[in-house]
Amino acid sequence: MASLALPSQPELLQSHPALIRLKALLRQPLRVTVSDGRIFLGTFAGIDQPLNLLLVNAEEFRTEENHSGRYVGQVVIAWRFVVKVEEEVHKENRHADNQITLSLLPRELPVIQSHNRASSGEVARAKRPSYIYEIKTSRHFAMFGIRKALVASALLIPSFVKADDLNIYTDGALASGWEDWSWSSVLDYAATDLFEGTSSISVTSDAWAALSVKLEGTFPSFAGLRFDIAFAMLTLYPKGANPDISISIESTTDDAQSPTIPLSAFQQTITADGFTSLLMDFSALPGIGSPLGTDSWDRITFQAGANGATSIVITPEFLSAEPIANNVIAVTTKGAVNFSDVSITLNQKALTVKSNNTYSPPDTPAKTITYLTLASSLSPGTLLITAGNSTFNWTLPSVQYASIVQSVNQAINPHIYGVNFPTSASYVEHLGVTMSRWGGNAVTAYNPFGGFTNAGSDWYFENRASDSADDWVGWVQNAGSATMLTVPALDWVSKDASSYSYPRSIYPEQSGFDPYNSDAGNGLFPNGSYVTPVPDQNNVYVPWNTSAAKQWLSGMKNKPTIVTIDNEIEIASSTHQDMHPIPVNYDEELSRVIDFATAAKEAVPGVLVGAPSTYWTSSVGYSDNAAHSNIDFLPWFLQQMKAYEDANGTRLLDYLDIHYYFQADTSADDAAAKALRLRMTRSLWDTSYVDESWVGVDPQNHQWNPTVVELIPRFKTLIDINYPGTKLSIGEWSSAKDTDVTGGLVTADSLGIFGQYGVDSATYWATPDELGPVGLAYWLYRGYGTYFGSSSAQVNFSNPQPDILGLYAGTENRSLSLVIINKDPAVSVAWDLVDVPLGNYFMRHFGGAAGIAKWQTNITLSANDYIVVPPYTAVFLKQL
């Protein structure tokens, strides 16, 4: 058996020999053994994103000895169940490389082997005809989407997208939350040869290949699938016949699959010169008439039959070209551009390209980048890149000086790379999420015995169904993330999934009502005051106490890493005014934390407790401070928790858990607001930065230097003074603009600061889009198993400029990793970095002219005295 070593970045496997070998077996007979002993013999049709194997014309055998199988046709075999894959070859063709060991995922993996059979058993395979097809968007509204309500006229009046539609594809890209799980297909998400709006999806499919998309979530309640489709090679088919494409709906949770619906089951005929609109009614599937049924549906697949492939021609275009690192030009393109048309000059002197490497991110395959490695290093001056008909001009600046001292370092707690409510196990893996929090306003009313929550003032005080916290802890921890679970600590939890606190029939004079339930009110009079009298809590809630909490926690099959005592209950009189109309003061909050922390420690031995999951002080106001020796709540709280341990011999508080949102107003989102957003991260650490918000003008605290937040140093000092040994957790924080590149740069900057200044846990509110700027900041540090160093190394600056620059160093086993952030929107930065080793590095980056995508490659750092980072860009470098 020949073993092949794979790169440390799983997403780079597309060019690895082992995966190339596996793809070379397409349309070959394979024998697949799964973990329960069954064996499948069939034709290998492809693999999808999580490397599940697809066999067609397959037979199933229950055991090795049982030679009587049953025909199962097409089967998708989940990779985690595969024990062994064997290739069938002629005896005379067997050679050493027919047996390989693959390590394609971070779990126990199958073995690809050769399996001999006699030559007489060879199956003749003829070359098949070919086809291409496209899915498009209308110039008026998205035509590839799932609909909650089937309205016939909506297909005829292209004026708007109903608010309850769930788009799958819009111009240029999959919609947010959808992933590309296709196999053996060439996809272009921005095809322009046949389209409406601005683009279509072009699919060039091999036999049995597929366009397959998966939702980060489920769509069990939707009523149909609408899409427009056109084909480019209808001459292969009889006149009036639809191409050999079938559609299926799947659940990746339990591997359920709908009946396969061929395009021939639809009434319309597809043409080659325009798009045909098709609608799959989930209540009566085309050609079958039966309903789709209820399941955790999350995947849609358009699969080819036994037809071959051709190509679609896309107009070539150079989209961007920018300098990066020491001697690299990163070029983004569309279509089959000619790189011989590229010329590069620096200060009017031609530069030589010695090599190039092209990469397309697996989840945004329409985006392509080519890294041109220069024969010489970059240096200050005018860089001119001419590519086809495009010209890209850059001014390379003089250097900034810094030194990296790996020998001076402190450990980074990996739990700082956390989020609230990750969507799936793949999300955890792709972004490297290390701590996952079950929190927020709704979980204050979480009833674990029924699976209900209440939205509170966030949404008309309505009860709703909830996932099981126990199940959530289980799958999140199995995905590799630690968990932080919120334990309700007020007197009530939701009694069902449908009740609400302020019905119009009882409180008709409210200022607003749920647009989807006109009887559910917002609990406010038109003048903004709270509705009175207070509702009877028994109409919406059931009682809750420490006994119920212990019963729940002790009965959980999956135990959380940390429990936090409720969520922001100091403002419960606002967020949950129906449940707790009286403002929570110091003493009540302390009492509830002590009672429920005691219950949690008794129910789950060894569990860690975080509290009070709050802001700075109580909602009672300064009278509460005055009643407690004029001490702000959080230092007073730390003192009391220490006093409890001193008196009882038991530490109840392991983490001081706080919530922090940058207070600067950046809502204008203009150039000035974006610059403010990027420099406000200084409030996390800088003891000289006067906050550019109300805090800097009218601070609501009694601390030293009150107009300066200096969040991390301040709270570490408060802990050292009042309750040494307590860890610091930031249970909620945010970039203030998830969808803008500045939000991604703020997040990358903040994660570096958390590591450098010793935060123990941090979870972003709420769930960043995996492909958005904030998600890419997490991917930059931790994605796909490639990690920033386990310790933060010392960085010394000759001229610190934290408003526009960020530089963070990590070290692990003498291997250096760097994150470099350029917050300037227009000017590149160049670094002279002393004590940065030369040699091979793995590089990731996002932002800049290249845009928002998971760009990455391997580079050779041939000099450390001129390392370029483009404007509005974050770069990750890890020594190999």
Side-chain angles (χ1 to χ4, degrees), residues 420 437 439-444 456-458 484 486 489-490 564-577 580 582-590 592-593 610-628 630-641 653 655-665 680-681 683-684 691-719 722-723 726-736 750 754 759-766:
N420 282 260
R437 177 176 178 257
N441 290 337
V443 300
T444 287
S457 61
D458 291 338
M484 178 180 284
T486 301
L490 296 181
T564 57
I565 307 306
D566 218 300
N567 175 80
E568 299 174 5
I569 58 173
E570 84 284 357
I571 56 171
S573 59
S574 171
T575 56
H576 297 280
Q577 67 194 47
H580 197 292
I582 306 301
V584 176
N585 62 24
Y586 281 27
D587 298 299
E588 181 184 356
E589 186 157 2
L590 175 67
R592 290 185 183 275
V593 168
S613 302
T614 187
Y615 301 109
W616 182 248
T617 192
S618 78
S619 60
V620 173
Y622 272 147
S623 62
D624 215 0
N625 296 57
H628 297 85
N630 259 351
I631 302 175
D632 293 322
F633 173 67
L634 287 174
W636 178 86
F637 173 77
L638 286 167
Q639 291 173 8
Q640 300 307 307
M641 296 307 295
L653 183 72
Y655 287 80
L656 178 68
D657 183 46
I658 60 174
H659 294 176
Y660 181 68
Y661 291 90
F662 298 110
Q663 295 302 295
D665 182 4
M680 68 189 181
T681 56
S683 70
L684 294 172
D691 210 68
E692 298 176 76
S693 72
W694 61 267
V695 176
V697 178
D698 183 23
Q700 303 293 305
N701 67 79
H702 295 87
Q703 299 298 301
W704 69 93
N705 206 8
T707 60
V708 174
V709 176
E710 53 170 311
L711 186 81
I712 302 169
R714 182 181 298 278
F715 275 97
K716 283 188 162 288
T717 299
L718 288 173
I719 286 171
N722 296 293
Y723 197 4
T726 306
K727 295 183 178 181
L728 177 61
S729 166
I730 305 175
E732 289 185 16
W733 69 282
S734 173
S735 73
S750 299
F754 292 163
V759 174
D760 296 296
S761 177
T763 49
Y764 192 92
W765 182 265

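For clarity, every value in this text was computed on a predicted model and none was experimentally measured. Residue numbers run from 1 in the order of the sequence given.
- Looking only at atom types and distance, the side chain of Thr564 has no donor-acceptor partner in the side chain of Tyr655 under 3.5 Å away.
- Residues satisfying the side chain to side chain contact (heavy atoms under 4.5 Å, CB included) test with Pro706, not counting sequence neighbours, are Pro699, Asn701.
- Side-chain N or O atoms of Tyr723 include none that pairs as donor or acceptor with a backbone N or O of Pro635 at under 3.5 Å.
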Side chain to side chain donor-acceptor pair (under 3.5 Å) evaluation trace for Asp632 with Thr617: CA-CA 6 Å; Asp632 293 322; Thr617 192; 5.4 Å; no
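- Contact check for Trp733 versus Tyr661: no side-chain heavy atoms found under the 4.5 Å cut-off.
- Met484 places a side-chain heavy atom less than 4.5 Å from the side chain of Ser761.
- Under the salt bridge (Lys or Arg N to Asp or Glu O under 4.0 Å) criterion, Glu692 pairs with Arg679, not counting sequence neighbours.
- A donor-acceptor pair shorter than 3.5 Å cannot be found between the side chains of Ser618 and Asn585.
- Considering only residues two or more places apart in sequence or on other chains, Ser693 meets the side-chain hydrogen bond (donor to acceptor under 3.5 Å, both in side chains) condition with Asp691.
- Nearest heavy-atom pair across Ala489 and Asp566 is N-OD2, 2.6 Å.
- The nearest pair of heavy atoms linking Met680 to Ala736 is CE-CB, 3.8 Å.
- Proximity of Ile658 to Thr614: side-chain heavy atoms (C-beta onward) are nowhere separated by under 4.5 Å.
- The ring pair (Phe, Tyr, Trp, His ring centres under 6.0 Å) search around Tyr622 returns His702, not counting sequence neighbours.
- By the side-chain hydrogen bond (donor to acceptor under 3.5 Å, both in side chains) test, Asp698 pairs with Gln700, sequence neighbours left out.
- Qualifying side chain to side chain contact (heavy atoms under 4.5 Å, CB included) partners for Val708, counting only residues two or more places apart in sequence or in other chains: Val690, Asn705, Glu710.
- Side-chain contact between Ser729 and Asp760 is absent, with no heavy-atom pair separated by less than 4.5 Å.
- Across Arg714 and Val709, no two heavy atoms sit closer than the pair NE-O, 3.0 Å.
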Begin from the C-alpha positions of Val593 and Phe637 and carry the test side chain to side chain contact (heavy atoms under 4.5 Å, CB included) through to its verdict. CA-CA 10 Å; Val593 168; Phe637 173 77; 3.9 Å; yes
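- Using modelled atom types, one side-chain atom of Asn722 and one backbone atom of Leu718 make a donor-acceptor pair closer than 3.5 Å.
- Distance CD1/Ile730 to NE2/His659: 10.0 Å, rounded to 0.5 Å.
- Residues passing the ring pair (Phe, Tyr, Trp, His ring centres under 6.0 Å) test with Phe715, sequence neighbours excluded: Trp616.
- In this structure the side chain of Ile571 reaches within 4.5 angstrom of the side chain of Tyr615, judged on heavy atoms.
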Residues Phe754, Leu684; criterion side chain to side chain contact (heavy atoms under 4.5 Å, CB included); working and verdict: CA-CA 9 Å; Phe754 292 163; Leu684 294 172; 4.1 Å; yes
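- Under 3.5 Å, the side chains of Tyr660 and Ser683 contain a donor-acceptor pair of N or O atoms.
- For Ser613, the side-chain hydrogen bond (donor to acceptor under 3.5 Å, both in side chains) test picks out Asp657, with sequence neighbours left out.
- With contacts defined as side-chain heavy-atom distances shorter than 4.5 Å, the pair Ser619/Ser573 qualifies.
- Here Glu732 pairs with Arg437 under the salt bridge (Lys or Arg N to Asp or Glu O under 4.0 Å) rule; sequence neighbours left out.
- The minimum heavy-atom distance between Ala762 and Val759, with the atom names listed, is CB-CG1, 4.4 Å.
- Partners of Thr726 according to the side-chain hydrogen bond (donor to acceptor under 3.5 Å, both in side chains) rule, which considers only residues two or more places apart in sequence or in another chain, are Arg651.
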Criterion side chain to side chain contact (heavy atoms under 4.5 Å, CB included) on Leu638 and Leu653, from CA distance to verdict: CA-CA 9 Å; Leu638 286 167; Leu653 183 72; 4.1 Å; yes
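- Remark: Ser574 pairs with Tyr530 by the side chain to side chain contact (heavy atoms under 4.5 Å, CB included) rule, at least two apart or across chains.
- Shortest non-hydrogen contact noted between Arg592 and Leu490 is NH1-CA, 3.5 Å.
- Looking at heavy atoms from C-beta onward, Ser750 lies in side-chain contact with Phe662 at the 4.5 angstrom threshold.
- Legend: residues meeting ring pair (Phe, Tyr, Trp, His ring centres under 6.0 Å) with His628, ordered by chain and number and at least two apart, are Tyr586, Trp636.
- Considering only heavy atoms from C-beta on, Thr575 stays 4.5 Å or farther from Thr444 through its side chain.
- With hydrogens and angles left out, the side-chain atoms of Glu568 and His576 include no donor and acceptor closer than 3.5 Å.
- For the residue pair Asp458/Asn441, the side-chain donor-acceptor check at 3.5 Å is satisfied.
- Gln577 CD to Ile582 CD1: the interatomic distance, rounded to the nearest 0.5 Å, is 11.5 Å.
- Note: Glu588 CD to Glu570 CD = 11.5 Å, rounded to the nearest 0.5 Å.
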